[in-house]
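Because the structure is predicted, anything quoted here is derived from the model rather than measured.
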Amino acid sequence: MLAKGAQGSGGSVSDERPLRFAILGAGMSGILCAIKLREAGYDDFVLYEKADRLGGTWRENTYPGIACDVPSHLYRYSFEPNPEWSHRYSPGSEIQAYFEGVAGKHGITERIRFGEEVTRCERASGRWRLTTKRGRGDEVDVVLAATGVLHHPKLPEIAGLEDFAGASFHSARWDHTVPIDGRRLGVIGTGSTAIQLTSAVVPRVAKYLLFQRTAPWVMPQENPRYSDEERAAFRRDPAVLHELYDGLSRTIAALSAGLIDASSPQMQWVEAQCRANLERSVRDPELRERLRPSYRAACKRLIISPDFYDAIQQPHSELVTDGIERVEPEGIRTRDGRLHALDVLVLATGFRVDRFIRPTEVIGRDGQRLDDAWASRPIAYLSVGVPGFPNLFLLNGPNGPVGNFSLIQVAELQIDYVLQLVARLREGRCREISPTASATEHFDAARTEAAKHSIWSTGCRSWYLDDRGVPATWPWTFDRFREEMSAPKLEAYEQVG
Ligand code: NAP
């Protein structure tokens, strides 16, 4: 049955329907969902969190040097300015404390069911039936999947990894019981994580080895501390913080607009900055050439650092560019036959970015499995909805904007959009809402085509690329994303009941 007012907002509003929600994940997006639900007058919700603490990526990533490379005064909820940020790019522990503070202040923490991993969501009798790992059940009208993007560590397939006699762990599973001071530490990878790690651990270790498969472009960015006077001024006048937020937002949006056009002046500027940084910072010409990328700057996620090149040029640092042959009990054997002896090995090898709500088993209408719907690759209409999976919405889902934006801004726009769809359920205009298959196919074809012109398509290996080598990110401007999120186009949705 077609819903009342399915083709527009002119239909008469019948009985208001009480709705129950499940939010999966108590990270940045999940906390946001809870706050926004309450603000919109929905109080029947539960946040399911598999861990024993909120915070998502900021709870899990505690490696030395972790910080956010989005300026702190932009990387915050728009409605919760924070005058206390210590640095332009503040450390992870401060960001974690910020989310804990906001969740506490809004009374969200007590609504989180910690240690409850939702393993199954199944469409049954017009609702979502949830099962947790502990065997508990729940039935809800709407599922909000706030399960993160960079969440499932990707371990490298390197022979002998399990034979290593020292301590070894992924960067997102940092083992703080393992001493690193005065020891020989190796890091595999040269992404944002490895570069931050390098600067932080080099002063502490006796020997540092960075195993590089691909050289990174590094954009120089100082990270000044905010003075007491500056923080006092932020506290005194909230308008200053709002202006800062808006200004940063415009700057990042303008710079990022260049990402979608590989020949843009912004991308040429970025490359010139990175190139000049390499030329002036690395003294030894041989090392400089080994650190010189052979692809366009910003093709991979752009890395910022004020001091990576200093750190890698320390006498006890070594950049290893010979390929890894295998891991042995004593260390890493490279293809040139050398054994690099190590006490600690850190795998800064990134994340499986195609998981989203999975491994939760999601079974939609007519028994359709999300795993089957996403057999080729994850696709979501405008990043938030999947055909055949009504009343299930994703925050920071597939194909959303991820390139150096504040994912908080992205999530805020998405939840406002989702709540407009949910309002139709509450108003009784329909009982189920999901994007149509044709709207989703059209969106996917358009974004695949647009992505060809982006900097991410200029020939590099990166986590932005899907199995076909197509960037899986939002390939238009942030302004366009903002505009799309301002109001759902109802003709793109199937509304039933
Ligand atoms: P990543 O960007 O995916 O980098 C993984 C690194 O591991 C790459 O250098 C990759 O080499 C290397 N690697 C993977 N498998 C390997 C193998 N078998 N042998 C040798 N090298 C291997 O992961 P990440 O550094 O954790 O960063 C992921 C994303 O997290 C970032 O792009 C960013 O979005 C986010 N992040 C953000 C911040 C922040 O400040 N906001 C900080 C950290 C992370 P190739 O380059 O050759 O593939």
Side-chain angles (χ1 to χ4, degrees), residues 69-70 148-152 154 189-193 213-217 219 252-271 274 293-304 349-356 358 374-386 394-407 409-411 413-414 439-485:
D69 61 6
V70 174
V149 188
L150 298 155
H151 180 61
H152 299 284
K154 194 172 80 188
T190 50
S192 306
T193 301
R213 186 165 69 179
T214 309
W217 282 113
M219 180 86 174
I252 300 277
L255 193 60
S256 302
L259 293 165
I260 58 172
D261 171 9
S263 60
S264 66
Q266 292 99 312
M267 289 306 98
Q268 285 163 22
W269 179 81
V270 164
E271 188 149 330
C274 292
S294 57
Y295 56 90
R296 299 274 313 271
C299 181
K300 286 169 179 281
R301 157 85 176 217
L302 191 61
I303 292 169
I304 65 166
T349 44
F351 299 88
R352 293 189 67 190
V353 295
D354 63 346
R355 302 284 84 200
F356 299 101
R358 299 178 290 178
W374 283 359
S376 322
R377 67 197 66 88
I379 293 170
Y381 173 66
L382 292 180
S383 175
V384 297
V386 185
L394 303 141
L395 275 284
N396 280 309
N399 319 132
V402 288
N404 293 82
F405 295 112
S406 163
L407 286 189
Q409 271 191 311
V410 173
L413 291 166
Q414 288 174 329
T440 307
E441 281 161 20
H442 181 77
F443 166 74
D444 200 53
R447 65 116 195 137
T448 300
E449 182 56 33
K452 288 181 187 159
H453 309 287
S454 70
I455 193 75
W456 312 303
S457 289
T458 52
C460 65
R461 173 175 43 206
S462 87
W463 66 262
Y464 289 157
L465 304 180
D466 68 16
D467 58 313
R468 304 163 298 176
V470 173
T473 61
W474 181 261
W476 299 289
T477 62
F478 197 72
D479 284 345
R480 174 157 171 184
F481 181 71
R482 196 188 295 278
E483 197 182 304
E484 285 283 4
M485 291 293 104

Subject >> pair Asp354-Trp374: side-chain heavy atoms closer than 4.5 Å >> reply: no

**OP:** Determine yes or no for a side-chain-to-main-chain donor-acceptor pair under 3.5 angstrom, with Gln268 supplying the side chain and Ser263 the backbone.
**Re:** yes

Original post:
Under a 4.5 Å cut-off applied to non-hydrogen side-chain atoms, are Phe356 and Val149 in contact?
Top reply: yes

Subject >> Spacing of Ile455 atom CD1 and Thr458 atom OG1 [to the nearest 0.5 Å] >> reply: 4.0 Å

Original post:
Just by modelled atom types, is the Pro398 backbone N or O under 3.5 Å from a matching donor or acceptor in the Ser383 side chain?
Top reply: yes

Original post:
Would you find a donor on one side and an acceptor on the other, under 3.5 Å apart, between the side chain of Arg377 and the backbone of Ala472?
Top reply: no

Original post:
Looking at side-chain heavy atoms only, is the closest gap between His151 and Arg352 below 4.5 Å?
Top reply: no

Original post:
How far does CG of Asp69 sit from CD1 of Ile303, to the nearest 0.5 angstrom?
Top reply: 9.0 Å

**OP:** Using a 4.5 Å cut-off on heavy atoms from C-beta on, say whether the side chain of Ser454 contacts that of Leu259.
**Re:** no

Original post:
Mind checking whether Trp474 and Trp476 have parallel, tilted or perpendicular rings, split at 30° and 60°?
Top reply: perpendicular

Original post:
Does the Ser457 side chain pair with the main chain of His453, one donor and one acceptor, at a distance under 3.5 Å?
Top reply: no

Original post:
Which of these passes side chain to side chain contact (heavy atoms under 4.5 Å, CB included) with Val470: Thr448, Asp444, Leu465?
Top reply: Thr448

Original post:
If we only count heavy atoms from C-beta on, is the Thr214 to Arg461 side-chain gap below 4.5 Å?
Top reply: yes

Original post:
So, does Arg355 use its side chain to make a donor-acceptor pair with the main chain of Phe351 at under 3.5 Å?
Top reply: no

Subject >> Spacing of Tyr381 atom OH and His442 atom NE2 [to the nearest 0.5 Å] >> reply: 8.5 Å

Original post:
To the nearest 0.5 Å, what is the distance between CD (Glu271) and SG (Cys299)?
Top reply: 10.0 Å

Subject >> Pair Asp479-Thr477, side-chain donor/acceptor within less than 3.5 Å >> reply: no

Original post:
Can you tell if the side chain of Val410 reaches within under 4.5 Å of the side chain of Phe481, non-hydrogen atoms only?
Top reply: yes

**OP:** May I ask you to test the Ile379-Thr440 pair for a side-chain heavy-atom distance under 4.5 Å?
**Re:** yes

Original post:
Between Gln266 and Ala254, what is the shortest heavy-atom contact and its length?
Top reply: NE2-O, 2.9 Å

Original post:
Is there a side-chain contact between Met485 and Leu382 (heavy atoms, below 4.5 Å)?
Top reply: yes

Original post:
Can you check whether Asn396's main-chain N or O pairs, donor with acceptor, with Gln414's side chain at less than 3.5 Å?
Top reply: yes

Subject >> Expected output: side-chain Arg301 to main-chain Gly191 donor-acceptor under 3.5 Å >> reply: no

**OP:** Please check if the side chain of Lys300 supplies one atom and the backbone of Cys460 the other of a donor-acceptor pair under 3.5 Å.
**Re:** no

